[in-house]
Amino acid sequence: MSAMLALLFGLVALIYASVGFGGGSSYTAILTLTGIEPRLIPVISLCCNIVVVTGGTIRFWRVGLIDWKAVLPLLAVSAPLAFLGGLTPLKEATFLLLLGTTLLVSTVALLLPQEPLPEVKLTLPATLALSGLVGLLAGLSGIGGGIFMAPVLHLIRWAEAKRIAAFASLYILTNSIAGLGGQLLKGGVGAVTDSSAAYWPLLLAVLIGGQIGSHIGIRLFSPVLLRRMTALLVGYAAIRLLLQAL
């Protein structure tokens with residue numbers, strides 16, 4: 001594993017953490033290009049997600065941006081399905097196509113103009129069902145799912161941009177832990193951990209980058225800039241993954 005790969009992971013973590021994400025989609029795309037064994041990709045990506053969003057979630061919590069009453073029901077339905085998704089085997093091409101397509105749709109949603117659009121209303125059961133579906137997709141694809149959920153929450157005016165970023169961070173943390181559990185059971189805990197142990201410097205790189213990024217996101221970025229940065233990052237990841245799949 002090269003120092004350049006660790007540096008790239010740290011940069012991805014910095015940028016994604018600034019908008020409340022863990023960077024799992026980009027980690028997955030980068031690892032795919034390196035030729036690493038496919039079964040290790042979601043494991044490494046989810047571990048990096050957990051490192052990045054743990055720090056981000058703590059920072060968001062400390063400044064009072066997490067509404068626990070609102071987020072806990074969404075987490076309660078998404079986490080079990082993320083675990084089940086992690087247990088489900090997928091062919092590599094199907095995995096990349098699923099992830100890339102979903103991220104591309106998320107990019108379009110983020111780029112839609114806010115003010116001219118009527119506010120979309122969702123009932124609590126519908127919101128919970130959506131959270132469960134996203135959790136399942138997160139487990140299947142090997143990422144945290146916040147990158148799926150956040151654009152929808154923006155469109156339905158669920159909260160202001162910084163609170164959605166805070167929710168996305170906690171959502172990714174919960175689903176990543178659940179999804180990682182499923183992935184480890186699917187591949188065999190001992191075999192997977194032994195094979196991926198050599199990539200530990202990536203965890204240190206994303207820890208440093210994530211801490212810097214989450215601080216910048218809270219202190220400096222406006223809601224509009226947060227949305228535009230998110231769209232840029234999601235779109236880039238989608239294109240890279242779709243090219244790999246096709």
Side-chain angles (χ1 to χ4, degrees), residues 16 19-25 28 42 45-46 49 53 56-57 60 65-88 90 94-95 97-114 117-183 223 226-227 230-231 233-235 237-238 241:
Y16 269 78
V19 291
F21 294 153
S25 57
T28 299
S45 295
L46 288 170
N49 261 355
V53 296
T57 300
F60 283 127
L65 289 175
I66 295 179
D67 183 350
W68 292 99
K69 184 178 179 180
V71 304
L72 286 178
L74 300 178
L75 299 178
V77 295
S78 69
L81 288 172
F83 176 77
L84 292 177
L87 282 173
T88 305
L90 286 176
T94 304
F95 164 70
L97 185 61
L98 172 68
L99 180 56
T101 301
T102 307
L103 295 184
L104 192 60
V105 173
S106 298
T107 302
V108 174
L110 280 168
L111 291 175
L112 289 174
Q114 288 284 286
L117 293 176
E119 182 177 355
V120 177
K121 297 290 186 180
L122 284 181
T123 64
L124 179 58
T127 305
L128 292 174
L130 176 63
S131 181
L133 175 61
V134 171
L136 179 63
L137 288 173
L140 287 169
S141 60
I143 69 171
I147 208 166
F148 299 152
M149 197 73 177
V152 176
L153 296 181
H154 280 294
L155 286 176
I156 68 174
R157 315 295 200 274
W158 186 77
E160 63 183 52
K162 288 185 178 181
R163 287 193 178 274
I164 292 177
F167 165 78
S169 187
L170 178 61
Y171 192 77
I172 291 167
L173 176 61
T174 304
N175 289 338
S176 292
I177 293 173
L180 179 61
Q183 293 286 344
L226 283 171
R227 288 179 56 81
T230 305
L233 295 169
V234 174
L241 291 169

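The CG atom of Leu124 lies 8.0 Å from the CG atom of Leu74; values are rounded to the nearest 0.5 Å. Interatomic distance, Leu153 CG to Arg163 CZ, rounded to the nearest 0.5 Å: 13.5 Å.
Contact detail for Gly144 and Ser176: the closest heavy-atom pair is CA-OG, 3.6 Å. Of all heavy-atom pairs between Ala166 and Ile66, the closest is CB-CG1, 4.0 Å. Considering all non-hydrogen atoms of both residues, Leu87 and Gly182 come closest at CD2-O, 3.4 Å. Taking each heavy atom of Pro42 and Gln183 in turn, the nearest pair found is CG-OE1, 3.6 Å. Closest heavy-atom contact between Ala82 and Ala178: CB-CB, 4.1 Å.
Two residues are said to be in side-chain contact when any heavy atoms from C-beta on lie closer than 4.5 Å; Met149 and Leu130 meet this criterion. Residues Phe167 and Trp158 form a side-chain contact, since some pair of their non-hydrogen atoms from C-beta on lies under 4.5 Å apart. Counting heavy atoms from C-beta outward, Leu75 and Leu170 have side chains that approach closer than 4.5 Å.
Between the side chain of Tyr171 and the backbone N or O of Val71, no donor-acceptor pair lies under 3.5 Å. No donor-acceptor pair closer than 3.5 Å links the side chain of Ser78 to the backbone N or O of Gly135. At least one donor-acceptor pair closer than 3.5 Å links the side chain of Thr127 to the backbone N or O of Thr123. Not a single donor-acceptor pair under 3.5 Å links the side chain of Thr94 to the backbone N or O of Leu90. In this structure a side-chain-to-backbone donor-acceptor pair under 3.5 Å is missing from Ser169 to Ala165.
Residues satisfying the side-chain contact (heavy atoms from CB on, under 4.5 Å) test with Leu136, not counting sequence neighbours, are Leu81, Leu140.
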